[in-house]
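All values below come from the heavy atoms of this structure, side chains included, with hydrogens, waters and symmetry mates left out.
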Amino acid sequence: MSILLIPVAPLTRTKSRLKDCFSNKQLKELTIAMFKDLGKTLTDVTCFDQKIVYCNTPEILELAKDYDLIGIKEELTSPPKSFDEVIEDINNIAIKKFDAKQTVFSFLDLILVSSKNFYEINQLIRENQLVICPAIHSAGISIFGRKPPDIISSYFSDPKIPSLVALLSNASKKGIDKIALYDSFRAGFDIDIKQDLVLGYEYLKVFNLMDTDVFRFLQNNLKLTLKKIDANNNRSFKITRRK
């Protein structure tokens with residue numbers, strides 16, 4: 001069984017790094033918009049035996065039904081579990097309840113990801129032990145797959161080493177050699193900090209993804225834009241208020 005797993009943070013804790021851009025209400029609206037867009041994309045993806053959403057928020061679990069996704073409620077703890085522990089929980093559910101032989105994790109904030117990306121990643125995990133899509137703007141991971149699902153732990157919560165570096169380092173120590181790096185701008189672009197919001201708004205236009213809930217949200221709520229500092233350097237820019 002090939003299982004796609006989508007962990008979603010509770011709406012009360014969603015996208016805390018963007019609190020200087022949006023109110024709590026707007027952050028919830030952004031998260032719901034991202035979920036709807038991902039759900040629509042996944043309606044065209046039939047290569048997985050099951051597609052599972054793992055979240056504590058009833059609103060997200062209800063929405064999952066609209067896109068033929070299986071919603072499983074996450075039981076919150078105090079103190080909250082680390083992200084790696086959440087990943088392990090849903091992975092174990094996939095193994096024990098759905099007899100998963102391979103799992104692919106995707107995250108909610110991949111606003112450019114396409115159905116083609118999921119088909120390509122699913123094919124790669126059939127041929128490899130580990131598939132990793134590096135995040136574009138960090139040493140992180142946007143999508144990753146494992147076969148078998150418990151071949152190696154995830155390392156999103158490592159306090160000192162970025163998740164991509166930690167995962168590859170530990171895979172090497174374990175002798176895992178069938179590793180595929182999935183090189184994709186669209187699958188690797190995620191929304192995490194203020195700069196990502198502004199770039200994401202422009203990239204949605206570049207890829208003609210303007211008929212999406214996220215684009216409409218940003219069009220109505222994002223009051224920021226990019227301005228070059230050095231006319232000859234595209235890496236030198238600042239974020240300013242949009243007029």
Notebook entry, point to check: Got Val86 and Tyr54 here, is their nearest side-chain heavy-atom distance under 4.5 Å?
Noted result: yes
Margin query: To check you understand the geometry: which heavy-atom pair defines the closest contact between Tyr182 and Ala187, and what is its length?
Written below: CE2-CB, 3.9 Å
Notebook entry, point to check: If you count the non-hydrogen atoms of other residues, nucleotides and ligands that lie under 6.0 Å from NZ in Lys205, is the total more than 12?
Noted result: yes
Check: Between the main-chain N or O of Phe156 and the side-chain N or O of Asp84, is there a donor-acceptor pair closer than 3.5 Å?
Finding: yes
Margin query: Does either side chain, that of Asp190 or that of Ser142, offer a donor lying less than 3.5 Å from an acceptor on the other one?
Written below: no
Next item on the list: Indicate yes or no: at least one non-hydrogen side-chain atom of Ile143 is less than 4.5 angstrom from one of Phe105.
Entry: no
Notebook entry, point to check: Do Ile161 and Tyr155 come within less than 4.5 Å of each other through their side chains, counting heavy atoms only?
Noted result: no
Checklist line | Single-linkage hydrophobic cluster Phe107~Met34, side-chain heavy atoms < 4.5 angstrom | finding: no
Check: Of the options Asp66, Asp213, Thr212, which is the one that meets Lys40 in a side chain to side chain donor-acceptor pair (under 3.5 Å)?
Finding: Asp213
Note to self: Any side-chain to backbone donor/acceptor pair from Asn117 onto Ser114? Under 3.5 Å, distance only.
What the structure shows: yes
Margin query: Looking at every non-hydrogen atom in both residues, tell me the closest pair between Ser2 and Asn122 and how far apart they are.
Written below: OG-OD1, 2.7 Å
Notebook entry, point to check: Say you draw a straight line from OG of Ser106 to CG of Leu5; how long is it, rounded to the nearest 0.5 Å?
Noted result: 10.0 Å
Margin query: Here's a test for you: under side chain to side chain contact (heavy atoms under 4.5 Å, CB included), which of Val214, Asn221, Asn220 qualifies with Leu218?
Written below: Val214
Notebook entry, point to check: For the side chain of Lys147 and the backbone of Lys101, is there at least one donor-acceptor N/O pair under 3.5 Å apart?
Noted result: no
Margin query: Is there a continuous path of hydrophobic side-chain contacts, each under 4.5 Å between heavy atoms, that joins Phe144 to Ile136?
Written below: no
Check: Is the count of non-hydrogen atoms from other residues, nucleotides or ligands lying under 6.0 Å from Asp20 atom CG greater than 12?
Finding: yes
Next item on the list: Determine the minimum heavy-atom distance between Leu112 and Arg186, stating which atoms define it.
Entry: O-NE, 2.7 Å
Check: Should Leu199 and Leu18 be counted in the same cluster of Ile, Leu, Val, Met, Phe, Trp and Tyr side chains packed under 4.5 Å apart?
Finding: yes
Notebook entry, point to check: Aromatic rings Phe189 and Tyr203: how do their planes relate, parallel, tilted or perpendicular, breaks at 30° and 60°?
Noted result: perpendicular
Next item on the list: For side-chain contact (heavy atoms from CB on, under 4.5 Å), just list the numbers for Phe98 and Asp49, CA-CA rounded to whole Å, side-chain angles, deciding distance to a tenth of an Å, and then say yes or no.
Entry: CA-CA 9 Å; Phe98 295 93; Asp49 296 294; over 6 Å; no
Next item on the list: Identify the two heavy atoms, one from Pro79 and one from Thr77, that lie closest to each other, and give their separation to 0.1 Å.
Entry: O-OG1, 2.9 Å
Note to self: Surrounding CZ of Arg17 (heavy atoms of other residues, nucleotides or ligands, distance under 6.0 Å), is the total greater than 12?
What the structure shows: no
Notebook entry, point to check: Does a side-chain heavy-atom distance below 4.5 Å link Tyr67 with Val53?
Noted result: no
Item checked: Side-chain donor/acceptor of Ser23 to backbone N/O of Gln26, under 3.5 Å -> yes
Item checked: Side-chain heavy atoms of Leu209 within contact of Phe215, under 4.5 Å -> no
Margin query: If hydrophobic clusters are built from ILVMFWY residues whose side chains come within less than 4.5 Å, do Val45 and Ile6 share one?
Written below: yes
Checklist line | Lys/Arg-Asp/Glu bridge criterion (N-O < 4.0 Å) met for Lys160, Asp158 | finding: no
Notebook entry, point to check: Taking all atoms of both residues into account, what is the closest heavy-atom pair of Glu74 and Val8, and its distance?
Noted result: OE1-O, 4.4 Å
Check: Roughly how far, to the nearest 0.5 Å, is SG of Cys21 from NZ of Lys194?
Finding: 5.0 Å
Checklist line | Under 3.5 Å: donor-acceptor pair, side chain of Ser138, backbone of Ala135 | finding: no
Item checked: Shared hydrophobic cluster, Leu69 / Leu63 (ILVMFWY, side-chain heavy atoms < 4.5 Å) -> yes
Checklist line | Pairwise distance CG(Asp44) to NZ(Lys116) - rounded to 0.5 angstrom | finding: 14.5 Å
Check: Just by modelled atom types, is the Ile151 backbone N or O under 3.5 Å from a matching donor or acceptor in the Lys174 side chain?
Finding: no
Next item on the list: Verify, without hydrogens or angle tests, whether Ser172 (side chain) and Leu168 (backbone) share a donor-acceptor contact under 3.5 angstrom.
Entry: no
Checklist line | Any Val131 side-chain heavy atom under 4.5 Å of Val104 side chain | finding: no
Check: Quick check: does any side chain N or O of Gln129 sit under 3.5 Å from a backbone N or O of Ile176, one acting as donor and the other as acceptor?
Finding: no
Note to self: For Thr57, run the side chain to side chain contact (heavy atoms under 4.5 Å, CB included) check against Thr14, Ile32, Leu11 and tell me which one passes.
What the structure shows: Leu11
Check: Counting distance only, does the side-chain N/O of Arg146 pair as donor-acceptor with the main-chain N or O of Ile152 below 3.5 Å?
Finding: yes
Notebook entry, point to check: Ser163 and Ile141: which non-hydrogen atoms are nearest, and at how many Å?
Noted result: OG-N, 3.6 Å
Next item on the list: Output the distance between atom NZ (Lys97) and atom CE (Met1), rounded to the nearest 0.5 Å.
Entry: 12.0 Å
Next item on the list: Could you tell me the separation between the OG atom of Ser153 and the CD atom of Glu85, rounded to the nearest 0.5 Å?
Entry: 11.0 Å
Note to self: Is it the case that the side chain of Asn92 and the backbone of Glu88 share a donor-acceptor pair, with hydrogens and angles ignored and the cut-off at 3.5 Å?
What the structure shows: yes
Check: What is the distance from atom NE2 of His137 to atom CD1 of Ile191, rounded to the nearest 0.5 Å?
Finding: 8.0 Å
Margin query: Does any part of the side chain of Leu4, heavy atoms only, come nearer than 4.5 Å to the side chain of Ile52, both counted from C-beta?
Written below: no
Margin query: So that I can tick it off, tell me whether Lys51 and Asp68 are bridged by a salt bridge, with the cut-off set at under 4.0 angstrom between side-chain N and carboxylate O.
Written below: no
Next item on the list: Show your reasoning for whether side-chain contact (heavy atoms from CB on, under 4.5 Å) applies to Ile3 and Gln102.
Entry: CA-CA 6 Å; Ile3 311 293; Gln102 59 189 44; over 6 Å; no
Check: Is there a side-chain contact between Leu42 and Ser115, using heavy atoms and a 4.5 Å cut-off?
Finding: no
Margin query: We want to know whether Thr46 and Tyr119 form a side-chain donor-acceptor pair, criterion being a heavy-atom distance below 3.5 angstrom.
Written below: yes
